[in-house]
K.L.:
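The structure under discussion is supplied below as structure tokens; questions concerning it will follow.
No hydrogens, no waters, no symmetry mates; every other heavy atom, side chains included, goes into these values.
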Amino acid sequence: MPLVAYSCSASSPGILALKILAEVQETKVEFSEVAGTPSLTIVTNNPVLKTSDTSTAVSWLGCARALAKTVPSLALWDVPTVESWVESATTMVLPSLESSDNSGKVLVEEFLAKVETHFNESKEKYIAGSFTAADICLAVWLAQALIKCDISIAEGSVSEWMKVVLSALKSCDESGISPLLASIPGTDAASSSSSCELTDNPLVKKLQEFRLEFDVYLHSACMSAEELVSNVPLASDKETHTKNLFFKDKKHGLFLVTHATASTFNTKQLGKLLNLEGKTNFRLADEATLDKHLAVKPGCVGPLCIVNDGVKEVKLVLDKTLTDGTYDFIHSHPLRNDASVKLKPAALMEYLSKAGIEPAIVDMSAEPAGEDSGGKAPANRPPASKGKGLTDQPKPQKQNNQNKKSGEKGKTLLRLQWKKSENFPMWYSDVIVLSEMISYYDISGCYILRPWSYKIWELMQQWFNEEILKLGVDNCYFPLFVSQDRLEKEKDHVEGFAPEVAWVTKSGESELAQQIAIRPTSETIMYPAFSDWIKSHRDLPLKLNQWSNVVRWEFKFPTPFLRSREFLWQEGHTAHATYDEADEMVMQALDLYRKVYQDLLCVPVIPGYKTKKEKFAGGHQTTTVEAYIPGSGRAIQGATSHNLGQNFGKMFDIKFQDTNGESQIAWQTSWGLTTRTIGVMVMVHGDDIGLVMPPRVAPVQVVIVPVLSKNLSMEAAGPYCIKIKNDLESQGLRAKYDDRDMYNPGWKYNHWEQKGVPIRLEVGPADIEKNQARVALRYNGEKMDVSVDGLGVFIKDKLDEIQKAMFEKAVKERDQHVAKITEWKDFVPNLEKNNLVLTPWCGGEHEAWEEWVKKTSKEESLKNLGQEGEDERTATSVAAKTLCIPFDQPDLPEGTKCIASGLPATCWVLWGRSY
């Protein structure tokens, strides 16, 4: 059966997955056919968000995409691979559901094999790393296809994934999911008695809705924590029941305190642990108050019931030992005292985070600070130690992995879900989305640059425009489209871009007489004009630059900023009377690119020549700056500058009369820098919190956050903070005063840390009293108190220090991963250590040996990994390729042999795995 993306049908079995996709988002959905067309109208209504929408889609992919974005915060479509997985399923699985026979069985089996290979290689729990729309659509459609085509699957990674997903979806449509679940091996069709009895429990349903791992079980009724410990023994001392106390205080409100049964708790400590001001008088709340706010009876209380506090009047206080890894599992009542839920600390924190609850986490074993200590720091931050104006603070401790999805006090609910060292691709995707740099678009490989990332691009533009103006380069703009004849005029050039060219073939419903290309680059667009404008040596040099977008329809898997189908760039094009003048321009442009990376982005690069095999298609010689990404151990081409020679001049008849009146062909250059720069910066400097911005390209260099309290209102803080802002701006700094009153200081701290703002200034009542501000540095976590007198000058100098320190750190990391070797046996082992490899080479013209290294390194690496092959579309191959012949060449002793061919070496060449 051919691969077809056929139209949706409201009566198709495949519609079940779409309905569940909506239900997961608590959204009601209706489907209806559009008369006379293959389209499907989707009407959605979300009573929680109070939103409704009507859209039309033709393909299953379009329907799934539209529905998955109903509640954007759930990020069901935000992982880049979701689109490709769902698209594959619509062409390989869904046809079997529509056919009247088993003709689609072969495709379903092929798709099953593809999914199995993915799980075996990735070791992930879900299809795209985290739970997404891909899991819902693929699991439902595959289960339906297994039944339809009578396909049996063995217990393994695929069946386990389907079982987990379908079990989580069962509450959305039990009648539709139960038969599917029963077809999966290893699934017990008869639920346990406790599961059946607790199916309708509101907290159990909430846990299922949040797609968390947990167990629930029945036991004898226990009215107290002491009875639980005595009558419901646990497997080990790494598990604990909880003790829960519900307090009220006339001044400070309501508090639900949850601690491990082994912890000791003194009510008198609570006010001090929570840094509550003034006297406290905590009393246990009565049954009516408990029922009113938490909808639970005495003896049945647990931390899960905090979700019943719809108006958020109750503050949840958690014992630190429940979150810091002291216990592997926590057991707590789900609104009844004859049952308990067993879940991991990380799952409890994720439950609270998804419910919008920010608990206070306190160390009940610690001795709280005395109330009369003096100079009490504002809530949400520790007091600074005393010093002479500049006071260093200890760096924050590294978070426990168990809490990476938690919503701890002061932590944003949108924190990163992945650690840079654990899953670099998913971490990168998390960072660029949650820092508000990128939004995904409904065309694969195309992305929305949000203001935060576009401002970075604008700052680079401003700097670059000033620099090229000094070189006599003028900005201009040429059309987006190029005719087929022009594009194909230079044979080598068009062959280099042919697979990536996007074509316009229709205007409305009419076919164009000749298809038109959307520019993949602008040589063939600009050079006919060069031919018209250049007639004499007096017309030279001609130096032009344009800022534009280009389209290259990548076959490889796209990655935002790094490899996309449309991207922004600058492209310089110049024409000269001599080769030497053109070559000087090439080097001047390349040096500007070096400065962009090193002086603006704090990313060290290695400049050099590309080999003949890697040079620009149709050009004479290509120079490059190559960067290194420590998190992945890969190189990435930063920017290139090409000496085009006279090749394009001959093709486009760019001639001039020299001083002797003789006709000559112009020598040309082209050079380009793209928004890839932003992605490189993110990957090199970002950490497990989010972006770390080099000050020179930070959209906001300093953010001022007032620490509001009973003693400091926004109105009182405003004049003081605005005065600081004016001082900063007088020094030419980009400063922002965050005066939003709907967010607390802790939320703001994490928001701006995630966006990578280099310096945060905190202003609390004590700071105003002392005429100072707390200075917090993003790149290393240091904090200090600084007088506001002369603060602008201090901050300006500090930003310069940060810029220098970030570059030095990146240089050190890069240099630690450049290995100089002379024997092949050391080549692949160094690649496996995430190194770039510098080797003796017989010359860039030996393309066959260059291909041999690429092929052999790939084979040896795959063998070491126990794999037979890799997807040809991957943008991260295990093969090594030449990066450049560095300008800075080490000494090459006479008699040194090429690492591959054994021929006499003529230079050193840098290799690496590359993006």
K.L.:
Please name the pair of heavy atoms, one in I704 and one in C721, separated by the smallest distance, quoted to 0.1 Å.
P.N.:
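The answer is CD1-O, 3.7 Å.
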
K.L.:
Salt bridge or not between R740 and D738? Use side-chain N to carboxylate O under 4.0 Å.
P.N.:
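Yes.
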
K.L.:
Going through the distances and angles, do M714 and L708 end up as a side chain to side chain contact (heavy atoms under 4.5 Å, CB included)?
P.N.:
CA-CA 7 Å; M714 186 67 75; L708 306 181; 3.5 Å; yes

K.L.:
Return yes if some donor-acceptor pair links the side-chain N/O of T289 with the main-chain N/O of A285 below 3.5 Å, else return no.
P.N.:
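Absent.
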
K.L.:
Walk me through whether E160 and K125 qualify under salt bridge (Lys or Arg N to Asp or Glu O under 4.0 Å).
P.N.:
CA-CA 9 Å; E160 183 61 28; K125 179 178 178 180; over 6 Å; no

K.L.:
Quick check: closest heavy atoms across P303 and L256, and the distance to 0.1 Å?
P.N.:
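Heavy atoms only, the tightest pair is CA-CD2, 4.4 Å.
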
K.L.:
Take T261 and T242, measure what side chain to side chain contact (heavy atoms under 4.5 Å, CB included) needs, and give me the verdict at the end.
P.N.:
CA-CA 5 Å; T261 51; T242 62; 5.9 Å; no

K.L.:
Cation-pi check for W452 against K755: NZ or CZ below 6.0 Å from the six-membered ring centre and within 45 degrees of the axis, yes or no?
P.N.:
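Geometry flag: set, cation within 6.0 Å and 45°.
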
K.L.:
Return the set of residues passing side chain to side chain contact (heavy atoms under 4.5 Å, CB included) with S429 (not counting sequence neighbours), or none when no residue passes.
P.N.:
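Result, side chain to side chain contact (heavy atoms under 4.5 Å, CB included) vs S429: P80, Y440.
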
K.L.:
Is the closest side-chain heavy-atom distance between L352 and L318 below 4.5 Å?
P.N.:
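L352 vs L318: side chains touch.
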
K.L.:
Decide, yes or no, whether a salt bridge links D687 with R778 under the criterion of side-chain N to carboxylate O below 4.0 Å.
P.N.:
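A salt bridge links D687 with R778.
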
K.L.:
Is E209 salt-bridged to R211, cutoff N-O under 4.0 Å?
P.N.:
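Answer for the salt bridge query: no.
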
K.L.:
Taking all non-hydrogen atoms of both residues into account, name the closest pair between I330 and L322 and its distance.
P.N.:
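Looking at all heavy atoms of both residues, the closest pair is CD1-O, 3.4 Å.
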
K.L.:
Side chain of Y126, backbone of D135: donor and acceptor closer than 3.5 Å?
P.N.:
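Between the backbone of D135 and the side chain of Y126 there is no qualifying donor-acceptor contact (under 3.5 Å).
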
K.L.:
Working note: E277 + K710, criterion salt bridge (Lys or Arg N to Asp or Glu O under 4.0 Å); need CA distance, chi angles, decisive distance, verdict.
P.N.:
CA-CA 9 Å; E277 295 184 358; K710 184 178 179 181; over 6 Å; no

K.L.:
Is it the case that K342 places NZ or CZ above or below the six-membered ring of F329, under 6.0 angstrom from the centre and within 45 degrees of the axis?
P.N.:
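Geometry flag: set, cation within 6.0 Å and 45°.
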
K.L.:
Should the heavy atoms of other residues, nucleotides or ligands under 6.0 Å from NZ of K69 be counted, would the total exceed 12?
P.N.:
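Counting other residues, nucleotides and ligands, NZ of K69 exceeds 12 neighbours.
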
K.L.:
Do the charged groups of E23 and K19 touch, with an N to O distance under 4.0 Å?
P.N.:
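Judged by the 4.0 Å cut-off on N to carboxylate O distance, E23 and K19 do not form a salt bridge.
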
K.L.:
So which atom in K354 and which in F210 form the shortest heavy-atom distance, rounded to 0.1 Å?
P.N.:
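Result for this residue pair: NZ-O, 3.0 Å.
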
K.L.:
Could you tell me which non-hydrogen atom of V317 sits nearest to which non-hydrogen atom of F255, and how far apart they are?
P.N.:
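For V317 versus F255, the nearest heavy atoms are CG2-CD2, 4.1 Å.
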
K.L.:
Can you tell me how far apart CG (N308) and CG (L335) are? Round to the nearest 0.5 Å.
P.N.:
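Atom-to-atom, N308:CG and L335:CG are 6.0 Å apart.
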
K.L.:
Does a donor on one side chain sit under 3.5 Å from an acceptor on the other, for D249 and T280?
P.N.:
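The answer is no; no qualifying pair exists.
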
K.L.:
Which residue pairs pass the salt bridge (charged side-chain N to carboxylate O under 4.0 Å, His left out) test when at least one of the two sits in residues 255-265, sequence neighbours left out?
P.N.:
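Every candidate salt bridge (charged side-chain N to carboxylate O under 4.0 Å, His left out) pair involving residues 255-265 fails, so no pair, neighbours aside, qualifies.
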
K.L.:
ring-ring contact (aromatic ring centres under 6.0 Å, His included), that's the test. Do F282 and H252 meet it? Break it down for me.
P.N.:
CA-CA 9 Å; F282 289 103; H252 299 288; 7.1 Å; no

K.L.:
For residues G299 and N337, report the shortest heavy-atom separation together with the two atoms involved.
P.N.:
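What the structure gives for the nearest pair is O-CB, 3.1 Å.
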
K.L.:
Return yes when atom NZ of K250 has more than 12 non-hydrogen atoms of other residues, nucleotides or ligands closer than 6.0 Å, and no otherwise.
P.N.:
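Atom NZ in K250 is not crowded, with 12 or fewer foreign heavy atoms closer than 6.0 Å.
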
K.L.:
Hey, is NZ on K292 packed in by over 12 heavy atoms from elsewhere, all under 6.0 Å?
P.N.:
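No, not enclosed.
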
K.L.:
Does R283 qualify as a cation-pi partner of F247, given the criterion of NZ or CZ under 6.0 Å from the six-membered ring centre and within 45 degrees of its axis?
P.N.:
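Geometry flag: not set, cation outside 6.0 Å or 45°.
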
K.L.:
Side chains of S709 and N711: donor-acceptor distance under 3.5 Å anywhere?
P.N.:
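No - no donor-acceptor pair under 3.5 Å links their side chains.
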
K.L.:
Answer yes if the side chains of D688 and W418 hold a donor-acceptor pair under 3.5 Å, and no otherwise.
P.N.:
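Their side chains do not contain a donor-acceptor pair, so the 3.5 Å distance test is not met.
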
K.L.:
Are the side chain of D309 and the backbone N or O of E313 linked by a donor-acceptor pair below 3.5 Å?
P.N.:
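Answer holds: yes.
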
K.L.:
Counting only N and O atoms by type, is there a donor-acceptor contact under 3.5 Å from the side chain of K315 to the main-chain atoms of E358?
P.N.:
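Yes: the side chain of K315 pairs with the backbone of E358.
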
K.L.:
Out of curiosity, Q754 CD to D430 CG, how far, rounded to the nearest 0.5 Å?
P.N.:
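The distance works out to 8.5 Å.
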
